[in-house]
Visitor: 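The structure that follows is given in the form of structure tokens.
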Amino acid sequence: MSREVRVRFAPSPTGALHIGGVRTALYNYLFARKMGGKFLLRIEDTDQARFVPRAEAYIQESLAWLGISPDESPWNPGEDGPYRQSERKDSYMKYALDLVEAGHAYYAFDTSEELDAMRERLTAARVVQPQYNSITRTQMNNSLTLSEDEVKARLASGDPYVIRVKIPLKEDVRLNDMIRGWVMVHSSTLDDKVLMKSDGMPTYHLANIVDDHLMNITHVIRGEEWLPSAPLHVLLYKFFGWEETMPQFAHLPLLLKPDGNGKLSKRDGDKLGFPVFPLNWENKEDGETAAGFREAGYLPDAFLNFLAFLGWNPGDEREIFSMSELIEAFSMERIGKSGTKFDIAKAKWFNEQYLKSKSNGELAHYVIADAANEEITILQDTAEALVGLMKERVTFPAEIWQGSRFVVIAPTEFDQDIASKRWNSDAVTVLSAYAELLEGFTGEYDAETAKAMLNETAEAKDIKLGKVMQAVRLAVTGNGVGPDMMEIFAILGAEEAAKRIRFALATLDVIG
RNA sequence: GGUCGGUUCGUCUAGGGGUUAGGACACGUCCCUUUCACGGAUGAAACACGGGUUCGAUUCCCGUACCGACUACCA
């Protein structure tokens with residue numbers, strides 16, 4: 001009988017949540033939903049030195065922005081809480097002690113100076129792997145080398161100590177990773193990792209096993225950087241006698257730098273000019289802000305779609321997926337094994353696709369807000385019209401207002417380059433006649449009539465419309481490029497169009 | 001250095017013992033067009049290398065190279 005699927009995303013609140021972490025959260029979420037199970041969020045705050053208070057809220061807001069909603073979390077706890085490791089602190093020592101009792105762990109009193117000395121000694125002796133292991137522990141200060149009385153005395157006197165796992169000398173450790181298949185490691189290459197730190201907090205290795213067991217986690221889906229320590233985790237499950245319910249592991253391929261070498265990091269984003277975080281993050285220490293996808297203008301559903309395809313694909317040629325479609329199509333088997341280079345051009349393409357697919361009404365608020373930033377108030381109808389003009393030609397919402405603000409603000413200056421090439425006598429002839437026509441016009445002025453009237457005007461003067469079109473655009477918008485001219489006329493209305501043409505006629509000098 | 005993982009167009013990838021090795025992004029060309037885009041069409045572009053196994057290997061096995069992760073009282 002199979003258990004209900006329960007997965008967790010377990011970030012550390014040490015700063016902004018990296019995009020790779022967001023993808024890990026997404027895959028966990030998709031898997032849980034696909035399997036009809038639960039997705040939990042657990043905060044791994046066992047490192048007191050690196051703790052950043054605002055990071056937790058950042059994680060919460062990032063997931064909320066993308067619609068990755070945990071079924072259980074510090075903010076909506078279920079029955080297996082608490083959901084912060086710091087609040088579970090008391091339970092870890094008991095488990096560590098159980099391991100000591102069973103001979104699978106031991107106390108170690110070595111100071112960091114002694115540890116450094118040991119590593120130096122081993123390096124000098126050309127030991128290939130200087131580490132605290134089954135060989136070297138015999139030369140250190142621990143409950144395996146010290147007498148029972150001395151250990152008791154040290155413990156009683158409050159000497160700082162850690163608890164280390166006692167890795168067996170010779171044992172093949174194997175695990176069946178859902179993405180990578182069988183991975184085998186010999187225990188002799190593992191070291192006696194610290195389980196309990198001297199500050200009384202557990203390390204990740206102990207805490208994640210204890211918590212995953214207590215919280216009935218069935219699948220551990222995490223980044224590939226954990227693969228080397230996975231054998232240790234398997235050993236720990238065995239030592240605790242929890243093999244029966246040991247979760248299945250799935251180690252996700254890493255997100256790589258665009259230029260090919262190494263894990264994607266914060267610095268890459270700064271260097272290459274794109275975000276690596278979901279939301280803006282202000283670093284309180286240096287006062288700098290790391291860019292976020294949200295603030296850069298990425299739509300949450302587009303970003304989500306992009307993220308899902310970084311290492312996964314549905315196996316057919318579809319590319320546009322909503323969250324529910326992702327859930328439907330998702331499967332662990334279709335996650336790739338190799339690292340994925342981060343390609344911002346693809347992210348932009350997704351954003352363009354989503355922008356185009358949205359209604360003008362949905363996007364109008366961006367335009368209203370951007371205009372408001374310039375202390376210009378525009379109506380919903382106007383905003384929607386501007387969206388209609390621009391949404392198929394931009395990558396980000398901010399470009400809508402930028403590319404159409406001339407509709408609201410009549411040009412007072414004109415592109416000199418275009419003027420010097422196109423503002424000829426033909427243009428002036430046609431525009432003068434068109435302005436006159438518009439000034440007497442009282443009918444419905446839409447894109448079609450605007451065009452028909454312009455055509456008639458040009459024909460009457462025996463001038464090819466194409467020859468003067470750029471001049472028309474220049475007169476009305478001040479620019480040589482932009483969205484469909486007739487649509488612009490329709491939004492402006494006959495009166496305003498005439499006014500602008502008159503202004504241009506009075507302002508610009510005819511060439512030739 | 002050691003352990004582990006990975007390697008199909010520039011990038012994301014499909015495929016998989018016999019295929020014209022497919023798609024998408026980006027790029028080139030053409031069409032559409034009042035500009036710039038959108039859109040449509042089209043082009044260039046890949047199985048890291050060497051050995052096996054096999055009638056046949058890009059696909060399976062081994063090795064090499066390269067890339068990466070890990071190698072803390074951080075996660």
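Atoms considered below: every heavy atom in the structure, side chains included; atoms not considered: hydrogens, waters and symmetry mates. Every chain is numbered from 1, with letters handed out A, B, ... down the list of sequences. None of the values given here were measured: they were computed from a predicted structure.
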Visitor: If you check every side-chain atom of A:D47, which of B:rU3, B:rC70, B:rC74 has the closest atom?
Guide: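 Out of B:rU3, B:rC70, B:rC74, the nucleotide with an atom closest to A:D47's side chain is B:rC74.
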Visitor: Here's a test for you: under side-chain contact (heavy atoms from CB on, under 4.5 Å), which of A:E87, A:R84, A:M201 qualifies with A:D45?
Guide: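 It is A:R84, the one option of A:E87, A:R84, A:M201 that forms the side-chain contact (heavy atoms from CB on, under 4.5 Å) with A:D45.
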Visitor: With sugar-phosphate meaning primed atoms plus P, OP1 and OP2, does A:V128 contact a base, only sugar-phosphate, or nothing at under 4.0 Å between heavy atoms?
Guide: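 The residue A:V128 makes base contact.
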Visitor: Pick base, sugar-phosphate or nothing for A:K346, based on heavy-atom distances below 4.0 Å to the nucleic acid.
Guide: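 The answer is base, as A:K346 lies within the cut-off (heavy atoms under 4.0 Å) of a base atom.
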Visitor: Would you mind reading off the distance between A:R318 atom CZ and B:rA14 atom C1', rounded to a whole angstrom?
Guide: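 Taking CZ of A:R318 and C1' of B:rA14, I get 14 Å after rounding.
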Visitor: Should B:rC30 form a Watson-Crick or G-U wobble pair with both distances under 3.5 Å, which nucleotide is its partner?
Guide: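 The answer is B:rG40, by the H-bond criterion.
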Visitor: Would you say A:T340 places a side-chain N or O within less than 4.0 Å of OP1 or OP2 belonging to B:rU13?
Guide: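 So the side-chain polar atoms of A:T340 do come within 4.0 Å of the phosphate oxygens OP1 or OP2 of B:rU13, strictly under.
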Visitor: Judged by each residue's nearest nucleotide on RNA chain B, which is more toward the 5′ side, A:K356 or A:G480?
Guide: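 The residue whose closest nucleotide sits nearer the 5' end is A:G480.
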Visitor: For B:rA65, which nucleotide in any strand shown is its Watson-Crick or wobble partner with both distances under 3.5 Å?
Guide: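 B:rU7 - that is the nucleotide pairing with B:rA65, both distances being under 3.5 Å.
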Visitor: What is the distance, rounded to the nearest whole Å, between atom NE2 of A:H18 and atom P of B:rC74?
Guide: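 Roughly 22 Å, once rounded to whole Å.
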Visitor: Measuring from the side chain of A:A345 (C-beta onward, heavy atoms only), which nucleotide among B:rC25, B:rC73, B:rU13 has the closest atom?
Guide: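 For the A:A345 side chain, the nearest candidate turns out to be B:rC25.
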Visitor: Counting Watson-Crick and G-U wobble pairs only, both distances under 3.5 Å, name the nucleotide matched with B:rA21, or none.
Guide: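 Partner of B:rA21: none.
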Visitor: With both distances kept under 3.5 Å, what pairs with B:rU71, Watson-Crick or G-U wobble?
Guide: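 Pairing partner: B:rG1.
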Visitor: Does B:rU53 have a Watson-Crick or wobble mate here (both distances under 3.5 Å), and if so which one?
Guide: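 Base partner found: none.
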Visitor: Sub-3.5 Å donor-acceptor pair from the side chain of A:R154 to the main-chain atoms of A:F109, do we have one?
Guide: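 It does not hold such a pair.
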Visitor: Can a side-chain donor-acceptor contact be found between A:D159 and A:Y107 if the only test is distance below 3.5 angstrom?
Guide: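 No, A:D159 and A:Y107 have no side-chain donor paired with an acceptor closer than 3.5 Å.
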Visitor: Of A:D484 and A:D191, whose nearest nucleotide on RNA chain B comes first from the 5' end?
Guide: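 Checking each residue's closest nucleotide, the 5'-ward one belongs to A:D484.
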Visitor: Between A:R164 and A:N133, is there a donor-acceptor pair closer than 3.5 Å when you use the side chain of the first and the backbone of the second?
Guide: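 No; judged by distance alone, with no hydrogens or angles, the pair does not exist.
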Visitor: Can you figure out which of B:rC12, B:rA14, B:rC73 approaches the side chain of A:R334 most closely?
Guide: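 Of all the options, the side chain of A:R334 is nearest to B:rA14.
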Visitor: Taking OP1 and OP2 of B:rG6, is either one under 4.0 Å from a side-chain nitrogen or oxygen of A:K337?
Guide: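 Answer is no, no contact under 4.0 Å.
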Visitor: Scan side-chain atoms only and decide if A:E44 and A:N208 contain a donor-acceptor pair under the 3.5 Å cut-off.
Guide: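 There is no such pair (donor and acceptor under 3.5 Å, judged by atom type) between the side chains of A:E44 and A:N208.
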Visitor: With a non-hydrogen cut-off below 4.0 angstrom, is A:P314 in contact with a base, only sugar-phosphate, or nothing?
Guide: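 No contact.
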Visitor: Can you tell me the base-pairing partner of B:rA46? Count Watson-Crick or G-U wobble geometry only, both distances below 3.5 Å, and say none if there is no partner.
Guide: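 Pairing partner: none.
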Visitor: At under 4.0 Å between heavy atoms, what does A:R222 touch on the DNA or RNA strands: base, sugar-phosphate, or nothing?
Guide: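 Contact class for A:R222: none.
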